[in-house]
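Reading through the structure tokens given below for one structure.
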Amino acid sequence: MSETLDVQVKDRVAWLTLNRPDKLNALTPGTMRELRQAFTEIDDDEDICVAVLKGAGERAFCAGMDLDWSEGLTKKDRIEQGRLGEKTFAMMARMSVPVFAAVHGYAVGGGLELALGADFIVAHENAKMGLVEITLSARPPYQPKFMDGKEDPDQPEFGGSAPGWGGVKRLPQRIGKARAMEMLFTGVRLDAARALQFGLVNDVYAADEFDARVEELANRIAAMNRYNLRLVKELVQSGYDWIEPHPS
């Protein structure tokens, strides 16, 4: 039984729901392990054609790294947690089936990096999305209020700190270098409309139709031939040209 991730399979769709709503679905090492296990099992299940990432509760898709985890890290741990997140999120690109994130509420820091690991993102109209790590060591009024003027534990005495779970690579790939730099330099949180304008999300759904539209999209993809989905994803992800059909 997973503690932080709910996995349900229905009609060729795997629904992966981050399930810590009281913590805004913040990520823990346990969540990372559960995600990797789920990705592996989905990839091996020939009856699944698409996976959807969601967050439980009303407030957030995912608020990034759990603060209790972050505060307890040693210097060595801080190196290893970066590798853990990148390794986990990179699995989505290598999966045989499409994966998309359905984002509502907050998707910030590692939460947005998780969503960026998916093939594409759709958003609820209340979504707030950003790689906000740079603001943790910012001067007022741009430092988040919860920091209460404290120093960012990830800011080294010498040198710099940046999002460590693949966001600095995937964000420019998704929205272009200039817009990614604006987001990364300012730590801004985009609302759903601006995220759509930037190309960060493919579509924005109204509150009263969000769940239905997400399910409709998932079911449409799930209706496709799994081998064709796998081939198309491989071609796009690897940048290959496909000029000849399969021999038969």
Side-chain angles (χ1 to χ4, degrees), residues 4-6 15-28 31-32 34-35 38-39 51-67 69-70 81 85-86 88-93 98-136 144 146 162-175 179-180 182-207 210-211 213-214 217-218:
T4 66
L5 182 70
D6 179 63
W15 298 91
L16 283 69
T17 304
L18 302 173
N19 195 23
R20 302 183 73 218
D22 57 323
K23 299 291 187 180
L24 301 183
N25 300 315
L27 298 168
T28 68
T31 311
M32 297 294 193
E34 290 169 15
L35 282 168
F39 294 155
V52 185
L53 276 172
K54 299 184 70 179
E58 301 295 326
R59 299 174 60 195
F61 168 77
C62 177
M65 179 189 281
D66 183 87
L67 289 178
W69 177 21
S70 177
Q81 64 83 12
E86 166 60 16
T88 301
F89 300 167
M91 288 182 70
M92 284 184 273
V99 183
F100 72 89
V103 170
H104 77 287
Y106 293 103
V108 294
L112 179 53
E113 290 183 290
L114 171 61
L116 284 167
D119 296 312
F120 63 90
I121 305 169
V122 294
H124 190 290
E125 63 182 0
N126 72 359
K128 295 285 189 293
M129 310 171 73
L131 295 181
V132 299
E133 287 86 343
I134 201 166
T135 66
L136 300 180
F146 74 83
W165 288 346
V168 292
K169 173 182 70 177
R170 295 188 182 97
L171 187 64
Q173 292 173 345
R174 189 68 56 94
I175 68 174
R179 280 178 163 162
E182 178 186 347
M183 288 184 65
L184 289 162
F185 289 156
T186 63
V188 66
R189 290 191 311 221
L190 304 183
D191 62 21
R194 197 165 185 219
L196 181 62
Q197 179 188 14
F198 270 37
L200 181 57
V201 304
N202 284 24
D203 209 345
V204 175
Y205 302 147
F210 178 73
D211 290 338
R213 293 286 299 275
V214 169
L217 178 59

Taking every non-hydrogen atom, the tightest pair across A115 and F61: CB-CE2, 4.0 Å
For residues 188-203, which side-chain donor-acceptor pairs fall under 3.5 Å, sequence neighbours excluded?
{"unit_1": "D191", "atom_1": "OD1", "unit_2": "A193", "atom_2": "N", "d": "3.3"}
{"unit_1": "D191", "atom_1": "OD1", "unit_2": "R194", "atom_2": "N", "d": "2.8"}
{"unit_1": "R194", "atom_1": "NH2", "unit_2": "E182", "atom_2": "OE2", "d": "3.0"}

Which pairs count as salt bridge (charged side-chain N to carboxylate O under 4.0 Å, His left out) when at least one residue sits in residues 114-126, sequence neighbours excluded? D119-K233
With sequence neighbours excluded, residues passing side-chain contact (heavy atoms from CB on, under 4.5 Å) with A90: E86, R94, R170
Considering all heavy atoms of both residues, which atom of W165 and which atom of E113 are nearest to each other, and what is their separation? N-OE2, 3.0 Å
Could you tell me which non-hydrogen atom of G167 sits nearest to which non-hydrogen atom of P172, and how far apart they are? O-CD, 3.8 Å
List the atom of D6, the atom of N19, and the distance in Å for their closest heavy-atom pair. N-CB, 4.2 Å
Decide yes or no on side-chain contact (heavy atoms from CB on, under 4.5 Å) for K54 and D211, but give the supporting numbers first. CA-CA 10 Å; K54 299 184 70 179; D211 290 338; 3.5 Å; yes
Hey, can you pull the donor-acceptor pairs under 3.5 Å for the side chains in residues 101-110, sequence neighbours left out?
{"unit_1": "H104", "atom_1": "NE2", "unit_2": "G57", "atom_2": "O", "d": "2.9"}
{"unit_1": "H104", "atom_1": "NE2", "unit_2": "A60", "atom_2": "O", "d": "3.4"}

Nearest heavy-atom approach of I175 to A180 is CD1-N, 3.6 Å
Checking T31 against D66 for the side-chain contact (heavy atoms from CB on, under 4.5 Å) test, could you report, in this order, the C-alpha distance in whole Å, the side-chain angles of both residues, the deciding distance, and whether it holds? CA-CA 10 Å; T31 311; D66 183 87; over 6 Å; no
Please name all residues satisfying side-chain contact (heavy atoms from CB on, under 4.5 Å) with F146, sequence neighbours left out, ordered by chain then number. L67, L136, P144
Does any non-hydrogen side-chain atom of R213 lie less than 4.5 Å from one of V122? no
Between L53 and L35, is there a side-chain heavy-atom distance shorter than 4.5 Å? yes
Shortest non-hydrogen contact from M129 to L112? CE-CD1, 3.7 Å
Could you tell me whether R174 atom CZ has more than 12 heavy atoms of other residues or ligands within 6.0 Å of it? yes
Is there a side-chain contact between M92 and F100, using heavy atoms and a 4.5 Å cut-off? no
So how far is it from T4 OG1 to M32 CE, rounded to the nearest 0.5 Å? 10.0 Å
Those residues that, when tested against T186, pass side-chain hydrogen bond (donor to acceptor under 3.5 Å, both in side chains) (two or more places apart): none
Taking N25 for its side chain and R20 for its backbone only, find out whether a donor-acceptor pair lies under 3.5 Å. yes
Do L5 and L16 have side chains that get closer than 4.5 Å, going by heavy atoms? yes
